Amino acid sequence: MAESATAVRADETTLPPLSPPSATTGLFEVFRRRYLLRLLVGREISARYQGSVLGLLWSYVNPLTQFCIYYFVVGILFNLHSNVENFAIHMFCGMVIVHFFNETFNAGTRSIVRNRSLVKKMAMPREMFPVASMLVSLYHVLPQLIILVIICVLSGWLPGIGDPVAIALSMAIIMTLGTAMALLFSAANVFFRDVSNVASILTNFVRFGVPMIYPYSLVAERFHGHTELYLADPLAEAVLLMQRAFWVGTTSDPSVTIAQHMPDHLYLRSVIALGISLVVLGIGQLVFSRLENRIPERL
C-alpha cells in the first residue's frame, strides 16, 4: 500500500499544472478548432442577412454603388481619368482591397463586444472572433472579385505569369494586416468603447491613402520620386498588386503602363510589406494575450 501511495504521489507530481478551459495558444489554437471557426463564420453570415430581401446580393450592390459615386465625382467631375487608360478598372481594383480591409478592421474591432454572450459563456479562443470577422469579409469580397474578373475579361484581359502571385500577395497582406488591426482594436474596444469610432475614422483615411482614386504616377510626380514613405504602407502595396494583376493587362500596352504607373521592384516591396504585416500581427497577438483574461469582467 505504501508503495502504491508513493507511486500515486509521483504521478501527481508529473502531471501538468491545471489551467482554465479558456486558456489558448493564440491564433494557432483558433485554426486548430476549425470546426468551431466555421460555425462562427456561418453564424455571422446568417445573422447579417437575416430578414434581408436581397441577401448576398448586397455584397454586389454596396461596392457597385460606391464605384458609381467615386467614378462620377472623381472621374467625370474632376476628370482625373483623362490620362489613365481604363480608369474604372484601375479604381475598382483599389476598391476591392479597401473594402476588404475596412470591413475586416471595423467588424473585427466590434467582434468581441458584439459577441459578449459567447465570450462569457463558452471556453474558446477569443481571437476566434476577430479572425471570423476577417473570414466573413473575405466571403463578401469574393463576389467583387468575380465582377472584377468579368469586367477585365470583357476588356480583353489575359492573365500573365506573375498575376496569380500578385493576387495571392495582395490578399495575404490584407488578411494579415486586417486581422492584426482587428486583434489590437477589438481588445482595446472592450475597455474603451470609443475605440470602434476611432477605427471608423481611420478607415476614412484609407480610401485616400492608397492609389485608388488617383494613379500612383501622380504621387511619384508630386513628390518628385520620393515615395518611400508612401510605399511603406502595406495597403498601398496591396492595391498596386491588385492593379498589376488586373488593370495592367487591360491596357493597350502593359509594358508602358507598368513603366509609367507602377513602382520599381513591386514584388520585392510587397514581400517586405507582408513581412511588416506579420510583425504587426505578432504585436497584435501579444497585446491581445496580455488583455485576454481581463476581457470577460469588462464586458
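Fair warning: this is a prediction, and the values are worked out from it, not measured in the lab. Scope of the values below: all heavy atoms of this structure, side chains included, with no hydrogens, waters or symmetry mates.
Among N106, V141, V210, L235, the one residue that satisfies the side-chain contact (heavy atoms from CB on, under 4.5 Å) test with F101 is L235. A side-chain contact (heavy atoms from CB on, under 4.5 Å) with I283 is found for one member of V279, L286, L281 and no other, namely V279.
Expressed to the nearest 0.5 Å, how far CD1 of I151 lies from CZ of F92 amounts to 5.5 Å. Note that CE of M262 and OH of Y267 are 9.5 Å apart. Values are rounded to the nearest 0.5 Å. The CG atom of D163 lies 8.0 Å from the CZ atom of F246; values are rounded to the nearest 0.5 Å. In this structure, the separation between CE on M95 and CG on N102 is 10.5 Å, given to the nearest 0.5 Å. Taken to the nearest 0.5 Å, the CG atom of L145 stands 11.0 Å off from the CD1 atom of I150. The line from CZ of F105 to CZ of R110 is 11.0 Å long, rounded to the nearest 0.5 Å.
Side-chain contact, Q285 with S289: a donor N or O sits under 3.5 Å from an acceptor N or O.
The minimum heavy-atom distance between L177 and P234, with the atom names listed, is CD2-CB, 4.1 Å. Closest approach of Q243 to P211, counting heavy atoms only: NE2-O, 2.7 Å. Summarising the geometry of I89 relative to S155, their closest heavy-atom pair is CD1-OG, 3.5 Å, with the distance given to 0.1 Å. Residue A245 comes nearest to I167 through the heavy atom pair CB-CG1, 3.5 Å, listed as atom of the first residue, atom of the second, then distance. The shortest heavy-atom contact between P215 and V84 is CG-CG2, 3.7 Å. For the residue pair S170 and I97, the shortest heavy atom distance occurs at OG-CD1, 3.1 Å.
A donor-acceptor pair under 3.5 Å is formed between the side chain of T250 and the backbone N or O of W247. A side-chain donor-acceptor contact under 3.5 Å links N189 to the backbone of S196. E85 places a side-chain N or O within 3.5 Å of a backbone atom of S252 that can act as its donor or acceptor partner. For S111 (side chain) and G108 (main-chain N/O), a donor-acceptor pair under 3.5 Å exists by modelled atom type. R244 contributes no side-chain N or O that, together with a main-chain N or O of L266, makes up a donor-acceptor pair within less than 3.5 Å. Although no hydrogens or angles enter the test, the distance criterion places a donor-acceptor pair under 3.5 Å between the side chain of T257 and the main chain of D253. No donor-acceptor pair closer than 3.5 Å links the side chain of Y216 to the backbone N or O of M212. In this structure, S186 contributes its side chain and T109 its backbone to no donor-acceptor pair below 3.5 Å.
Side-chain contact between T179 and S133 is absent, with no heavy atoms from C-beta onward closer than 4.5 Å. Between L138 and M171, the closest side-chain pair of non-hydrogen atoms falls below 4.5 Å. Using a 4.5 Å cut-off on side-chain heavy atoms (C-beta onward), R269 and E228 make contact. Considering only heavy atoms from C-beta on, M175 comes within 4.5 Å of F100 through its side chain. In this structure, Q260 and S217 have side chains that are not in contact, with every pair of non-hydrogen atoms separated by 4.5 Å or more. L291 places a side-chain heavy atom less than 4.5 Å from the side chain of R294. Counting heavy atoms from C-beta on, the side chains of W157 and V149 come closer than 4.5 Å.
Residues L39 and L37 are members of separate hydrophobic clusters, defined by side-chain heavy-atom contacts under 4.5 angstrom among Ile, Leu, Val, Met, Phe, Trp and Tyr. Placement of L154 and I146 within a single hydrophobic cluster is found when ILVMFWY residues are connected by side-chain heavy-atom separations under 4.5 Å, directly or transitively. At a threshold of 4.5 Å between side-chain heavy atoms, the hydrophobic network of Ile, Leu, Val, Met, Phe, Trp and Tyr places L218 and I213 in one connected group. No continuous path of ILVMFWY side-chain contacts below 4.5 Å connects Y35 to M128, so the two sit in separate hydrophobic clusters. Both V98 and F208 belong to a single network of hydrophobic side chains, linked directly or stepwise wherever heavy atoms of I, L, V, M, F, W or Y lie under 4.5 Å apart.
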Problem set entry | Worked check of side chain to side chain contact (heavy atoms under 4.5 Å, CB included) between I173 and L241 | CA-CA 10 Å; I173 290 172; L241 281 169; 4.1 Å; yes
For this session: Step by step, work out the side chain to side chain contact (heavy atoms under 4.5 Å, CB included) result for L148 and C93.
Result: CA-CA 7 Å; L148 181 59; C93 289; 4.0 Å; yes
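A salt bridge does not link R126 with E29: every distance from a Lys NZ or Arg NE/NH1/NH2 to an Asp or Glu carboxylate oxygen is 4.0 Å or more.
The six-membered or imidazole ring of Y230 lies away from that of F223, with a centre-to-centre distance of 6.0 Å or more.
Other residues, nucleotides and ligands contribute at most 12 non-hydrogen atoms within 6.0 Å of the CG atom of L229.
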